[in-house]
Every structure is written in C-alpha cells, then in structure tokens.
Amino acid sequence: MTSPHRSGPDTAIATGAETETPADASPADAADTAAPADAAAAASGGPLDGVTVVDLSSAVMGPYATQLLGEFGADVIRVEPLRDVARHSPANIGRSPGMAPLHLQVNRNKRSIAIDLKDPAGREDLLALLADAHVLVTNMRAGALERLGLGYAEIAARLPHLIYAHAQGFAADSSRGDRPAYDEVIQASSGLVGLQNRAAGSMQFVPTLIADKTAALYLLSGVLAALYHQQRTGEGQQLTLAMADAMIAVNLVEHLAGELFVPPAGDVGNPLSLSDTHAAMRTADGGAVAAVPYTNEGVRTLLKGAGLDDAAADPAWDSPVIDREVFTAGVEKVLANSTNRTTAEWEEYLTAHDVPHARVVDIADLPEDPYVREVELIKEREHPTEGTIRVVESPLHFSATPVGFRRHAERAGQSTAEVLAAARADR
C-alpha cells in the first residue's frame, strides 16, 4: 500500500477527549497490550499491511468496522471519545473500570490515544496523524463535525489523499440528520420491529445489535473499495453511510416482495419468514432442531420424520408449486409432532435424508460447542490487565495474507506517547 503524503499545511481541528488512564502512558505499556499476536497474522502483516486508519468513532458501528480493518492488518489509531458507552457495556461486568466486554471485543487490534482536540496543540496532533493516514473513520453527527472544523470540505482541502468515511444514524442531509440514534432506533425506523410485529405480534427488538453490526460491515466494504481506488489513483474521497439506509436495504432484499413491481404484484413481506410456523422443531429430550422446509418435498420429508406417513402421502407434496395455506398446514403438523424423536434421532434422520439442519444452541454454550471448538473460533488469551479472556477469531481465512488477532483492546489513551512521538517527529 502506497504511503500517504502531506498535501497541505497543518491546520487546527477541534473536539475533546478524556482518559481513564494517563494520556502519557508509555510505549512499553502499549507493547505489552500488543502481544501475543497470531504468528501467521504477524508474519504476513495481513492484506492491509501498511494502511493507517484514524478511528474517531464510538459505541459499536464505527469501532466494529475499524476493529475488522485492524484484523486485516491496518494500523488503527483510535482517538478516544469523551465517554464511550462500549467501555462500560454491559454495565457492572468486567474486572477493571472502562474495560467492559463490549470494549474488549470491538476495540482490539487498535492503539488508543487521548488528545484534547479543543486545545490548539491537540488539533495539530490530529492533523499530523491524518496527514500520514489513509483513512479517517467517524460516526459523529455531521453538524458536530463541521462545528469542530472536522467537516469533509475542510479536511479534503488540506489532505486530498485521505478517505473520509463518515457514518451516522440517519443521512446527514435529511430532516433526521441531527438526530442521535442507537441500534434499537434503527431497528424501528428500518421496518425490523414491524417485521417482528407481523410475524409474532411482538414489538420486542431483535436481541442483538443487528443494525450496528450490519452497518459496520457496509462501512467496512465501502472503506475497502475506497482504498482500492486510492491505491490506483492516489485520490481520497468522502464515503458516507446512514445506519437507517443500510438496514432498510438489508430488510428489503426479500421483504420488498410483491411491492418490487409497479403496480404491486403482491403483498410486501416474505411469507415464509413471517409465518408463525417459521420455527425450530422441539424434540423429545427438551432440545430443538432447525430444519426449515423451502419446498413441498421438504415438507414431505419432515412429515415422514415426524411419523406422519399418511399426511406425507398427500399428492399435494408432488407439486413444485407451493400453495401457501397447504404448505403452512403441513409445517404445523410437523411442529405439533416433532417431539416424537429426540434431538439425536432427528439429526440422524435429517443427515440420512440430506436435509440442511442444526440443533438449536444456547448462546451460553457456544464456547464449548463441538463445532466452535473444532474450527477454533473462540480462543483464550491473556490480556495484560484483564487476565484470561475469550477472543472470537476472524471467520475469514486468507491463504497468502492471514488475518487475525494482533493486539488486545487498550486502556484509554494507552498509546498516546508512542503514537504522538512518531507523528510529531514527522512534522
């Protein structure tokens, strides 16, 4: 990756940050946090070796995207926000203040610095970092960025090589651009809560930060595409993403359905997903197995497995065309009789008939799940201040440029002295 170069004078930019540990933490402290990295990942440097990312984001969406960039080998320098909710979430869980599980997850593979960007010296430090960086990632609201002198126009005029990746809840130029947004807000505005209501008559939010993480993956893909353009041309650009837009786009992939056509050719919504029969089968020993049929033949196979041979003999299952009412009634019979087999018996039957399936795993059991252990997706590592922790490894595997764990999440401002000494030396 071609290194960026200074393309404009040093300029004042402002915001603010506070530290939970001294801002002049020594380089040795940062080095302690960096080890031990995966040998293969360390040896290869990763596909983004040589890329520098300045992370001016908080909470989950921005930090998760930049954590993945770090996993790919980028040097991610995190400028600590005033108070990051991830450092304290879930509340009252952790061994040290500001080192909560969510922070340890989304802020590994980064160096943390704390600089006061309301101070002219701090503004100069940030500009020095950006001059030598390839990417700036932020999820501050647009108005706040501009008031701080961090708007795209100001930065691009001085640093035209820089990729300026800006994500927030709603589109900055929309009537909702100034609104704060959390995951649940986006679940509501993107139709996801409405889908829950259609399917189950519930207004409960999906029990995972699905909007934050989905938007983070969109943000990551955008940054990677912009890096390719930057490598070919030397040009930076602005990349913007609204969480609401990302989730609306994702939800409508299958749920736009008949409304895709003008005029509509049918109802909105994927009938299978919205049916209350779209559920795992309970088993005789108190477990459950997911084996959702997508064809009439699939329903017939499950009916036989449930011991309903007469129902399975219905010629309706010979048809390649699905009659939704008949299909749903067949699945209802399967679910009502699925406890005729144990979990193991269902797995044996479904395997023998080549039916896609999996037993339902409680999230608490995942670290010891046989598949998770087989692929070594979760490993125990020694954090220099937090002791033994579990680290979820990258699900991606590169043959030539391995990716993975490189450094533990740091205390706020831990690498300030190390990073700023190098930046100031380049001025």
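Scope of the values below: all heavy atoms of this structure, side chains included, with no hydrogens, waters or symmetry mates. Since the structure is predicted, the reported quantities are computational estimates derived from the model, not experimental observations.
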Here the pair of heavy atoms bringing Gln187 nearest to Val206 is OE1-N, 2.8 Å
Should the pair Glu410-Arg111 be classified as a salt bridge under the 4.0 Å nitrogen-to-oxygen rule?
no
**Prompt:** Within the side chain of Ser275, is there an N or O that forms a donor-acceptor pair under 3.5 Å with the backbone of Thr277?
**Reply:** yes
Heavy-atom count check: over 12 atoms from other residues, nucleotides or ligands less than 6.0 Å from Asp267 CG?
no
| said: What I want to check is whether the side chains of Glu382 and Thr388 have a donor and an acceptor closer together than 3.5 Å. | reply: yes
request  = Mark yes or no for whether Thr339, through its side chain, and Arg282, through its backbone, hold a donor-acceptor pair below 3.5 Å.
outcome  = no
Report task. Establish, from distance only, whether the side-chain atoms of Arg411 and Ser96 form a donor-acceptor pair under 3.5 Å. Result -> yes
Next on the checklist: Main chain of Ser112, side chain of Arg78: is a donor-acceptor contact present, judged purely on distance under 3.5 Å?
Outcome noted: no
Side chain to side chain, Arg87 and Glu80, heavy atoms closer than 4.5 Å:
yes
dist Leu241:CG -> His166:NE2 (nearest 0.5 Å) comes out at 10.0 Å
### Message
Can a donor-acceptor pair be found, under 3.5 Å and without considering hydrogens, that links the side chain of Asn139 to the backbone of Ser58?
### Response
yes
Exercise for review: Output yes when Asp365 and Arg359 qualify as a salt bridge under the 4.0 Å nitrogen-oxygen rule, no when they do not.
Suggested key: no
Side chain Asp183, main chain Ile210, donor-acceptor under 3.5 Å
yes
Main chain of Ala306, side chain of Asn340: is a donor-acceptor contact present, judged purely on distance under 3.5 Å?
yes
Of all heavy-atom pairs linking Leu350 and Ala291, the shortest is CD1-CB, 3.8 Å
When you measure from the side chain of His229 to the backbone N and O of Leu227, does any donor-acceptor pair fall under 3.5 Å?
no
Name every donor-acceptor pair, under 3.5 Å, that has one atom in a side chain of residues 171-182 and the other anywhere in the protein, sequence neighbours excluded.
unit_1	atom_1	unit_2	atom_2	d
Ser174	OG	Ala171	O	2.7
Ser174	OG	Arg176	N	3.2
Ser174	OG	Gly177	N	3.4

Report yes or no: do Asn107 and His103 form a side-chain donor-acceptor pair below 3.5 Å? yes
* To do: Taking the side chain as every heavy atom from C-beta outward, state whether Ile155 and Leu162 have any atom pair closer than 4.5 Å.
  => yes
Taking atom types as modelled, find out whether Asp285 and Thr342 have a side-chain donor-acceptor pair closer than 3.5 angstrom.
-> no
Could you tell me whether Glu348 atom CD has more than 12 heavy atoms of other residues or ligands within 6.0 Å of it?
-> no
Ring-plane angle category for His408 and His383, please: parallel below 30°, perpendicular beyond 60°, tilted otherwise.
tilted
Tightest non-hydrogen contact, residues Ala121 and Asp119, listed as N-OD1, 2.8 Å
*Parallel, tilted or perpendicular for His353 and Tyr349, by the 30°/60° rule?*
tilted
From the list Val53, Val76, Asp75, side chain to side chain contact (heavy atoms under 4.5 Å, CB included) partner of Lys110 resolves to Val76
OG1 of Thr385 to CD1 of Ile389, rounded to nearest 0.5 Å, is 8.5 Å
inquiry  = For a quick check under 3.5 Å, do Thr66 and Asp55 share a side-chain donor-acceptor pair by atom type?
reply    = yes
Donor-acceptor under 3.5 Å (Gln414 side chain, Ile113 main chain): no
When every non-hydrogen atom of Ala59 is compared with those of Ala86, the smallest separation belongs to O-CB, 3.6 Å
Check your understanding: So do the side chains of Thr343 and Val289 get within less than 4.5 Å of each other, counting heavy atoms only?
Key -> yes
Checklist line | Any donor-acceptor pair under 3.5 Å from Ser415 side chain to Val419 backbone | finding: no
Taking every heavy atom of Lys213 against every heavy atom of Thr208, the minimum-distance pair comes out as NZ-OG1, 2.6 Å
Heavy atoms of His278 and Leu272 approach each other most closely as CB-O, 3.2 Å
Given the options Arg108, Arg381, Arg406, Glu393 meets salt bridge (Lys or Arg N to Asp or Glu O under 4.0 Å) only with Arg381
task: Check for a donor-acceptor pair, side chain of Thr214 on one end and backbone N or O of Ala211 on the other, with a separation under 3.5 Å.
output: no
Heavy atoms of other groups near Asp354 CG, more than 12 under 6.0 Å: no
